[in-house]
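Residue numbering restarts at 1 for every chain, and letters A, B, ... go by the order of the sequence lines. What you are looking at is a predicted structure, and each value in this text was computed from that prediction instead of being measured.
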Amino acid sequence: MHHFQILRQIKECSKFQLPIQGKKLHAHVVKSGLDLHGPLYPNTLVDMYGKCGHLKDAVQLFDEMPSRDLASWASIFTAHNQANLPKHTLILFSGMTSSDGLQPDHFIFASLVKACASLNALKPGLQLHAQFVVSPFSDDDVVKSSLVDFYAKCGLPDIASRVFDSIVSKNVVSWTSLVYGYARMGKKSEALELLRDMPLKNLHSWTALISGFVQGGHCVDSFKLFNELRRGGVDIEEPFVLSSLIVGSATLAMLELGKQVHRLVIGLGYESSSYVSNTLIDMYAKCSDILAAEKIFSNMKNRDIVSWTSIIIGMAQHGRAVEALSLYDEMTLTGLKPNEVTFTGLMYACSHVGLVDKGRRLFKSMVVDYGLKPSLQHYTCLVDLYSRSGHLEEAENVLNSMPFKPDEAAWAALLSACSQAGKNKTGVRIANHLLQLGPEDPSTCILMSNIYARAAMWDSVSTVRKLMLTLESKKKPGYSCVDLGKENEVFYAGETTHPMKNEIFGLLKELDAEMRKRGYVPDTSLVLHDMEQQEKERQLFWHSERLAVAYGLLKSAPGTSIRILKNLRVCGDCHTVLKFISSIVSREIVVRDANRFHHFKDGVCSCRDFW
DNA sequence: CTAGGGTTAG
């Protein structure tokens, strides 16, 4: 074989992702001693390994190269970008200028800017832009296009637009980058206008707009656009856009909508895409249908770390911690390595069933066995674990020795434990830390106020109560949305204008009487204003989740579960009430609040009263 | 030989 033929074949391997054949050709080159003839083989081979996802081989070859030119560096950068290691791309770049003394060309600039874009690394990106402008390559449209994408991803659509204007021959790639930037920042009309004006658009462009809307939280708009895309008869030849829509359904917590997208996935034949299945697992879990999530998971042929992590977190959030932990055991048996996200789910699971030793071992295993660096969130989970199980000293030790500044959640976990264990002295110390930090969660304030009251520190009590009043005025209005399949109904606290107000009120009153017979005592400690007990109880009575439950009971088919989405956390009293109601009416009530899921059934909640 | 746009878990 002539060497140009071999080169062509290696390139074919990169194009069609055939690493095994590529490896054979590599062996052939080595055996024939051909790599001595020119610099093209190593570069082409590095490129091939990178594009086939064999980063290790690419790096090894790169390291063994006697001399490296700009193309070698460009290939190794692409390999790292593609392996989702953009950070390494930037680290390697400093070696390129320092050890090899090379200056970046347009290929290098484009790869580096892409790395900055996926990292959201504004500062290095700005530096590269400055370097690019004064370089001999400053006219290159591809680099400019990568800069448009970079500014779009960094949330700077106006700068993106200025760079876009400087592109001499704009193509579908540069247009799409800008569309994405506008969509993400909620610049709806600009994004739509741009899409309309595009001389050439493809599925890629539509997907950029739709996913941009989802990521910017404008999920309803993303569905509107998708309908437009369908009406326009665009062929959905790849499932990217479907993943975005599934994320959109999950964000909106609209189960029926998610199911509709799922049916479309099946109809278009994308059930086997692991990206799609992974988003479906998460969507069903977030829409409270954990059984459907399990079903997707168990039907998957090739489960990756995201699939396992999604189902583990789903289980943990739905209060099924034991299953979450045994899924982890099953996962490790298959040889898959957990990552930081997996451990977040596992620690969460442990702390919610009080498995202290297990949680401690997992935390250690994360560092020792897998070389992962725990984040603040992991430490907070650890503090939570120790606090809840009464290991107060250990909890405080973690707080004081962890390599992060503890946040409100971490301090509050310990404070709550102090309060329960009657450790007033420690409690006061923790509360003082919190006061300095400026707590933003009303339930943290309640804890602090109680601790100070027990220590007879009335000045501090009054400081905290003042703080609570300012928090109250900044608070988002609470609402609950009950999902009745075809329709959703939103209720705000104290709402008195609903057409079915009388029926709702009547039902709640009936339930209230029955609950009191069964021993319910309203907990008004969270109602702030100075008013009579009766008035406080009346306030609780009109909390949005109760209105939503009553409406759900009136409108839904007997025996079905009632699904409610709440934008804030469920208050302690409503939590008690929902437990009572679930047993009085023998119905399952599933509430997704700002933090987690609560499955109320037969008078108990899956969260075991801790949330 | 080498570069730029759209998808997943906290």
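Within the 4.0 angstrom heavy-atom criterion, only backbone atoms of the sugar-phosphate kind lie near A:S310; the bases stay farther away. Residue contacts shown for A:V172 include a base, since a base heavy atom lies under 4.0 Å away. When heavy atoms are screened at a 4.0 angstrom cut-off, A:K51 is found touching the sugar-phosphate backbone but no base atom. At the heavy-atom level, A:S205 lies under 4.0 Å from base atoms of the strands shown.
For A:H204, the listed nucleotide lying nearest its side chain is B:dG5; candidates were B:dA9, B:dA3, B:dG5. Among the nucleotides B:dA9, B:dT7, B:dG6, the one closest to any side-chain atom of A:Y275 is B:dT7. Among the nucleotides B:dA9, B:dT2, B:dG4, the one closest to any side-chain atom of A:V306 is B:dA9. Side-chain proximity of A:D105 to the nucleotides B:dT8, B:dT2, B:dG4 is greatest for B:dT2. The side chain of A:S243 lies closest to B:dT7, out of B:dT7, B:dG10, B:dG6.
Between the CD atom of A:Q82 and the C1' atom of B:dG4 there is a distance of 14 Å, rounded to whole Å. In this entry the distance linking CZ of A:R303 with P of B:dT8 reads 21 Å, nearest Å. Following rounding to the nearest Å, A:I296 (CD1) and B:dT8 (C1') show an atom-to-atom distance of 14 Å. Spacing between atom CZ of A:F297 and atom P of B:dA9 amounts to 16 Å, rounded to whole angstrom units. The distance from atom OH of A:Y151 to atom P of B:dG4 is 18 Å, rounded to the nearest whole Å. In this structure, CG of A:N171 is placed 16 Å from P of B:dA3, rounded to the nearest angstrom. Taking atom CZ on A:F226 and atom C1' on B:dG6, their separation rounds to 14 Å, with Å as the unit. Across the protein-nucleic acid pair, A:E12 atom CD and B:dC1 atom P stand 13 Å apart, rounded to whole Å.
Contact check, A:Q215 against B:dG6: no side-chain N or O comes under 4.0 Å of OP1 or OP2. For A:K286 and B:dG10, the shortest distance from a side-chain N or O to OP1 or OP2 is below 4.0 Å. The shortest distance between the side-chain N/O atoms of A:T78 and the OP1/OP2 oxygens of B:dA3 is below 4.0 Å. The phosphate of B:dT7 has OP1 or OP2 within less than 4.0 Å of a side-chain N or O from A:S211. Checking the phosphate oxygens (OP1, OP2) of B:dG6, a side-chain nitrogen or oxygen of A:K153 falls inside 4.0 Å. OP1 or OP2 of B:dG5 sits under 4.0 Å from a side-chain N or O of A:K114. Remark: A:K11 is in phosphate contact with B:dC1, judged by side-chain N or O atoms under 4.0 Å from OP1 or OP2.
In this structure a side-chain-to-backbone donor-acceptor pair under 3.5 Å is present from A:S326 to A:E323.
Remark: the A:T176 side chain and the B:dG5 base include a donor-acceptor N/O pair separated by less than 3.5 Å. Between the side chain of A:N339 and the base of B:dA9, a donor-acceptor pair under 3.5 Å is found. Under 3.5 Å, the side chain of A:S177 and the base of B:dG5 form no donor-acceptor pair of N or O atoms. In this model, a side-chain donor or acceptor of A:E238 finds a partner on the base of B:dG6 within 3.5 Å. At a cut-off of 3.5 angstrom, counting only N and O atoms as typed in the model, there is no donor on one side facing an acceptor on the other between the side-chain of A:D141 and the base of B:dG4. A:N202 contributes no side-chain N or O that forms a donor-acceptor pair with the base of B:dG6 under 3.5 Å.
A:F213 does not carry A:R184 over the face of its six-membered ring by the limits of under 6.0 Å from the centre and within 45° of the normal. Because its NZ or CZ atom is both nearer than 6.0 Å to the ring centre of A:F164 and within 45° of the ring axis, A:K170 counts as a cation-pi partner of that residue.
Comparing A:D149 and A:N84 by the nucleotide of DNA chain B that holds the closest heavy atom to each, the one mapping nearer the 5' end is A:D149.
Between A:R320 and A:E294 there is a salt bridge, since at least one side-chain N of the basic residue sits less than 4.0 Å from a carboxylate O of the acidic one. The residues A:D140 and A:K144 are annotated as not salt-bridged, no charged nitrogen and carboxylate oxygen being separated by less than 4.0 angstrom.
The environment of A:D197 atom CG is dense: over 12 non-hydrogen atoms of other residues, nucleotides or ligands sit within 6.0 angstrom.
Nearest heavy-atom pair across A:G345 and A:A316 is O-CB, 3.9 Å.
Both geometric conditions, a ring-centre gap below 5.5 Å and a plane tilt below 30°, are not fulfilled together for A:F107 over the base of B:dA3. Under the stacking definition used here (centres under 5.5 Å, planes under 30°), the residue A:H106 fails to qualify as stacked on the base of B:dA3.
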